[in-house]
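Take a look at the structure set out below.
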Amino acid sequence: MNSSIGADLLKKISSNRARVGVIGLGYVGLPLAIAFAKAGLPVTGFDIDNDKVDAINAGKSYIKHLPAAQIREITDRKNCSATSDFTRLHAADLVVICVPTPLTEHLEPDLQYIKSTVALVAEAVRRGQLIVLESTTYPGTTREVILPALLEKRPDLKVGKDFFLAFSPEREDPGNPEHSLANTPKVIGGLTKDCAEIAGALYQRVTPNLVFASSPEVAEATKLLENIFRGVNIALVNELKIVFDKMGIDVWEVIAAARTKPFGFTPFYPGPGLGGHCIPIDPFYLTWKAREYDCATRFIELSGEINRAMPEYVVGRLAGALNKVKKSVGGSKILILGFAYKKDVDDDRESPSWKLLDLLKKQDAKVDYHDPFIPKLKKTRSYDFTLSSSPCTAASVAKYDAVIIATAHSGVDYELVGKNAKLIIDTRNAMAGVKGVKATVVKA
Ligand SMILES: NC(=O)c1ccc[n+]([C@@H]2O[C@H](COP(=O)([O-])OP(=O)(O)OC[C@H]3O[C@@H](n4cnc5c(N)ncnc54)[C@H](O)[C@@H]3O)[C@@H](O)[C@H]2O)c1
């Protein structure tokens with residue numbers, strides 16, 4: 001460690017005197033704040049959403065897979081709390097930024113949350129602080145956006161000597177019981193070696209496995225590669241689903257057989273489209289940045305095109321199946337089963353169910369949804385539907401002309417659905433192996 005200020009910060013971290021400030025207490029920031037608090041570091045959580053701040057300070061959870069007992073890991077400890085008072089950032093030695101990085105309407109990076117957060121951090125930046133960006137973004141954000149904003153307010157400070165800056169992508173997979181922060185390697189890219197070392201000392205407190213990248217750009221690009229890899233492979237199986245179906249071959253059976261190969265194959269599964277805050281969005285951060293270098297990103301664009309076409313494909317399969325019983329989509333009663341973007345989570349961001357609902361409504365279908373984790377649909381940037389989750393009982397399911405399984409939550413009684421529905425459009429292979437099915441099942 002070249003910097004004496006950095007050496008002091010390392011000592012503060014190892015003796016639990018360094019305060020962590022986590023900005024953005026959502027799916028990523030809240031579990032991270034809990035992990036740091038559990039590790040014995042004093043933690044202040046920051047969010048602009050007062051409801052979240054109040055919930056945490058009252059020991060309540062607002063994320064399904066994080067029980068309130070875990071929130072109390074923060075609130076029961078001395079020196080840990082949440083706030084929307086950003087002047088308290090000055091007291092934080094280690095600032096971790098976990099705010100959203102969505103896309104604009106034109107599929108371009110929307111850095112407004114990062115920029116407004118950095119403006120607040122810049123007001124408080126001082127000697128002896130480490131700032132880490134965790135939000136997924138394009139290569140160059142930490143160096144080209146964060147660093148100049150901090151230096152503009154404090155031109156007297158030198159990065160790597162007076163204060164420290166790094167990027168460390170979040171690999172949180174909400175609701176995954178096998179992989180959590182504690183057993184998932186954490187990639188770190190510092191602006192300087194000292195920046196990386198201090199960020200490593202922080203993350204070592206919550207995860208044993210650190211991977212040092214040579215720069216923030218490498219770490220930023222690593223996260224994008226991981227998510228582009230998923231997006232492209234999901235597009236591939238979505239395309240194969242359509243081709244194989246025309247040939248009378250079930251893609252799910254093909255994937256099950258292919259995955260028995262012990263090397264060189266990773267299974268990905270088709271579905272009604274991409275959802276969540278990562279896979280549908282992150283690839284376009286690279287596409288946008290690549291334009292600056294006159295580079296085309298054809299793979300990424302093509303996979304986005306295929307994945308975005310999936311809700312239309314599902315509605316087409318529904319229309320075809322209804323046709324066979326002399327019905328049209330218009331006027332039919334449809335139940336969308338599962339609204340979250342993936343099973344067993346309460347997150348409906350970018351869920352393809354929104355698009356399905358929109359397409360069906362535009363064709364004058366009468367649409368309800370059932371999701372045990374999403375009692376009501378809240379207005380989003382793109383959609384505004386006033387709907388509450390409908391029951392999924394034998395009598396209610398029997399009323400619908402078709403049930404579209406958009407998300408296969410574990411708690412749903414698929415035997416009941418299979419026995420009582422007339423027609424099931426199954427986008428998740430949820431009906432495979434279900435006994436006593438009387439409904440017509442169409443995979444889509
Ligand atoms: N959700 C995931 O599974 C996941 C996984 C890996 C990476 N990421 C990335 O992590 C980042 C955060 O995602 P998330 O899912 O936690 O989002 P989220 O929407 O659940 O949480 C973000 C939080 O930031 C708060 N916020 C917004 N602007 C703020 C500001 N200026 N100051 C303080 N707080 C502010 C919001 O109120 C919200 O509570 C994104 O870049 C995302 O791509 C998410």
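Each residue takes its place number in the sequence, starting with 1. Counting starts at 1 for both ligands and their atoms, in listed order.
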Checklist entry - In terms of the angle between their ring planes, are Trp354 and Tyr383 parallel, tilted or perpendicular, with boundaries placed at 30° and 60°? => result parallel
Item to check | Flag for Thr297-Thr287: side-chain donor and acceptor within less than 3.5 Å | outcome: yes
Checklist outcome for this item: Among Asp49, Asp47, Leu25, the residue with a heavy atom nearest to atom 36 (C) of ligand 1 is Asp47
Item to check | Lys223 and Asp282 ion-paired at < 4.0 Å | outcome: no
Checklist entry - Nearest heavy atom to atom 34 (N) of ligand 1: which of Asn176, Val121, Ile48 does it belong to? => result Ile48
Checklist entry - What part of Cys278 sits under 4.0 Å from ligand 1 if we count only heavy atoms: the side chain, the backbone, both or neither? => result side chain
Checklist entry - Using heavy atoms and a threshold below 4.0 Å, how should the contact between Val28 and ligand 1 be classified: side chain, backbone, both, or neither? => result both
Item to check | Of Trp288, Tyr293, Phe167, Phe284, the residue whose pairing with Tyr138 passes ring-ring contact (aromatic ring centres under 6.0 Å, His included) | outcome: Trp288
Item to check | Parallel, tilted or perpendicular: rings of Phe373 and His409 (30°, 60°) | outcome: perpendicular
Item to check | Identity of the nearest option to atom 12 (C) of ligand 1, non-hydrogen atoms only, from Gly45, Cys98, Pro169 | outcome: Cys98
Checklist outcome for this item: Heavy-atom proximity to atom 27 (C) of ligand 1, picking from Pro100, Gly24, Pro31, points to Pro100
Checklist entry - Got the closest protein heavy atom to atom 15 (O) of ligand 1, with its distance? => result Arg349 NH2, 2.9 Å
Checklist entry - Judged by modelled atom types alone, do Glu220 and Thr137 share a side-chain donor-acceptor pair under 3.5 Å? => result no
Checklist outcome for this item: shortest atom 30 (C) of ligand 1-to-protein heavy-atom contact is with Thr117 OG1, 3.4 Å
Checklist entry - Looking only at N/O atoms, are Thr136 and ligand 1 under 3.5 Å apart anywhere? => result yes
Checklist entry - Do any N/O atoms on Tyr27 end up under 3.5 angstrom from N/O atoms on ligand 1? => result yes
Checklist entry - Do the side-chain N and O atoms of Asn50 and Ser84 include a donor-acceptor pair separated by under 3.5 angstrom? => result yes
